[in-house]
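Data block below; observations after.
For the single chain, residues carry numbers from 1 onward in sequence order.
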Amino acid sequence: MDLLDTLTAKGLRGETPTREEALAVLATTDDELLDVVAAAGRVRRRWFGRRVKLNYLVNLKSGLCPEDCSYCSQRLGSKAEILKYTWLKPDQAAEAAKAGVSGGAKRVCLVASGRGPTDRDIDRVTDTVAAIKDADPAVEICACLGLLSDNQAERLKAAGVDAYNHNLNTSEGTYGDITTTHTYADRVDTVQKAHGAGLSACSGLIAGMGESDEDLVDVVFALRELGSDSVPVNFLIPFEGTPLAKEWNLSPQRCLRILAMVRFVNPDTEVRIAGGREVHLRSMQPLGLHLANSIFLGDYLTSEGQAGQTDLDMIADAGFEVEGMGESTLPRHRADIAAAAAATGGCGSGSAGGGCGTGAVSGEGESESADAAVGGGCGTGGGCGPCGGHGHAVPAATVGATDDKNADRAADEVRTDLVRVRRRGAGTELAPNA
């Protein structure tokens, strides 16, 4: 397929495809799916070998959020029967983090519901980071606390936080369809604040809300232009009690095409399969490892994942290996630029090429020919929270015949029994699943 040959060649050189090429990936048929996975898999191995980075979530404060994001089980007015609790104490959070690290996670994501942290909340997170790093100084810490005010990112950086998560979630043009209590520009501003303080930018998207292919491509290119170091791809978990409870729009094949498109647009960036992996990819999860180089281990914020040991077995059975604490996740040219940005307090927004510097390509995975120089990518981004999506339904006339077929099949195969509210781990008396 000429398209896949072109995309593979660009990806091996660290180049960004055109919007038309990205859209064409989403329009491929099920008959072409394995070819798409194989092509994107070559790009993934070029930059990340066969390593899989494990991340572990600790929900510091659950539920009772004043924001009205339609996809979220913690939103204002949510009737989802999730766990609700206020801030965990530092020792409780450190104990929860220990479970994930002992299972192989090298990054702990500290998440708190709410519009954004108060200065007192930053103090709480500072104490929590200290408790976690006292137990294991090498562990990476990513904070996901909502919209940041001035100087809060700098305080988090000084406390030992390595990255900040704030997802863009969907395209700017449709963002108003998912929430009215903050804007797309608010999210971009928070990512810029975090990256400007020298924090690694982690920002991603949510798929499965009936969005168009154009929406998906818009947000992925926005993330590339912002220079996100990590791009989590969430697949909506339609919680009962939320406005999007009946939005079951994804098939495993659709999820794989989305992951492949994200990989082609972000060839040398960490791509993480986040919330909804078990619900929507189901038995095809191992194929996702050929596209993404990062996953969450065990449970999510308000939903249960598959058993942590099952995750580890899946990685080994698929021929991959868990990334070690001492290994750099990003390819050398990206890691060097990110380190320089952290040392100097950030470097602002990236260019359309995906960064704010140029570095020589160095082979980190397969021995593929790639002699061109590529943009490093250390602009702005943000995101590791595994819930989201938007409720802007696409008119049937805008959806292709292939998507109609997949949507019909997905509707026939809805597995609502797979949506399990988390009842264990942080905030409960039950052991965590890691």
Side-chain angles (χ1 to χ4, degrees), residues 48 51-60 90 93-112 122 125-145 153-167 191 194-195 197-204 227-232 268-274 292-298 300-301 308 311 315 321-332 334-343 346 364 377-378 381-386 426 432 434:
F48 301 96
R51 305 188 313 276
V52 177
K53 180 176 182 177
L54 296 181
N55 310 268
Y56 189 70
L57 281 162
V58 178
N59 201 1
L60 297 178
E95 186 65 24
K98 180 180 177 181
V101 173
S102 66
K106 65 181 291 185
R107 172 172 287 191
V108 172
C109 302
L110 301 176
V111 188
I122 297 293
V125 174
T126 295
D127 292 342
T128 297
V129 171
I132 293 172
K133 292 219 169 186
D134 280 347
D136 194 334
V139 69
E140 296 178 10
I141 301 291
C142 179
C144 180
L145 311 173
E154 287 78 6
R155 291 182 62 193
L156 291 171
K157 174 68 176 176
V161 173
D162 301 287
Y164 197 81
N165 157 250
H166 204 60
N167 290 327
V191 173
H195 209 284
L199 295 169
S200 176
C202 173
S203 189
S228 182
D229 295 323
S230 175
V231 179
D268 56 355
T269 297
E270 177 188 348
V271 175
R272 183 183 314 157
I273 314 177
N293 62 294
S294 180
I295 64 171
F296 281 104
L297 177 70
Y300 301 94
L301 294 177
D311 287 336
I315 291 169
E321 60 186 20
V322 173
E323 184 174 287
M325 281 285 188
E327 296 180 276
S328 173
T329 299
L330 294 175
R332 190 173 300 119
R334 289 291 304 270
D336 289 347
I337 292 171
E364 300 293 329
C378 62
C384 63

Residue pair Gly204 / Asn167: nearest heavy atoms and the distance that separates them: N-OD1, 2.8 Å
Residue pair Met325 / Val101, side-chain heavy-atom distance below 4.5 Å: yes
Arg272 and Ser230: CA distance, side-chain angles, deciding distance, side chain to side chain donor-acceptor pair (under 3.5 Å) verdict: CA-CA 7 Å; Arg272 183 183 314 157; Ser230 175; 3.0 Å; yes
Leu145 side chain reached by Tyr164 side chain, heavy atoms, under 4.5 Å: yes
Heavy-atom pair of closest approach, residues His195 and Ala201: CD2-CB, 3.2 Å
Taking every non-hydrogen atom, the tightest pair across Tyr56 and Phe296: N-CD2, 4.3 Å
Side-chain touch Val58/Ile132, heavy atoms, less than 4.5 angstrom: no
The single option from Val129, Ile122, Thr126 passing side chain to side chain contact (heavy atoms under 4.5 Å, CB included) against Val161: Val129
Test side chain to side chain donor-acceptor pair (under 3.5 Å) applied to Ser294 and Glu270, step by step: CA-CA 7 Å; Ser294 180; Glu270 177 188 348; 2.7 Å; yes
Min side-chain heavy-atom separation Asn293-Val271 under 4.5 Å: yes
Shortest non-hydrogen contact between Ala153 and Ala194, atoms and distance: CB-CA, 3.8 Å
Minimum side-chain heavy-atom gap Asn55-Leu57 below 4.5 Å: no
Under 3.5 Å donor-acceptor, Asp162 side chain and Ser200 backbone: no
Minimum heavy-atom distance between Pro90 and Ala131, given as atom pair plus value: O-CB, 3.9 Å
Approximate separation, where rounding is to 0.5 Å, of Asp311 CG and Leu297 CG: 5.5 Å
Arg107 vs Thr329, side-chain contact (heavy atoms from CB on, under 4.5 Å): CA-CA, chis, key distance, verdict: CA-CA 11 Å; Arg107 172 172 287 191; Thr329 299; over 6 Å; no
Atom NZ of Lys157 with >12 non-hydrogen neighbours under 6.0 angstrom: yes
Test applied, side-chain hydrogen bond (donor to acceptor under 3.5 Å, both in side chains); reference residue, Lys53; option that passes from Glu327, Glu323, Glu140: Glu140
Inter-residue atom distance Ile295.CD1 - Leu54.CG, 0.5 Å rounding: 5.5 Å
Distance in Å, Leu199 CG paired with Ile141 CD1, rounded so as to fall on 0.5 Å steps: 12.0 Å
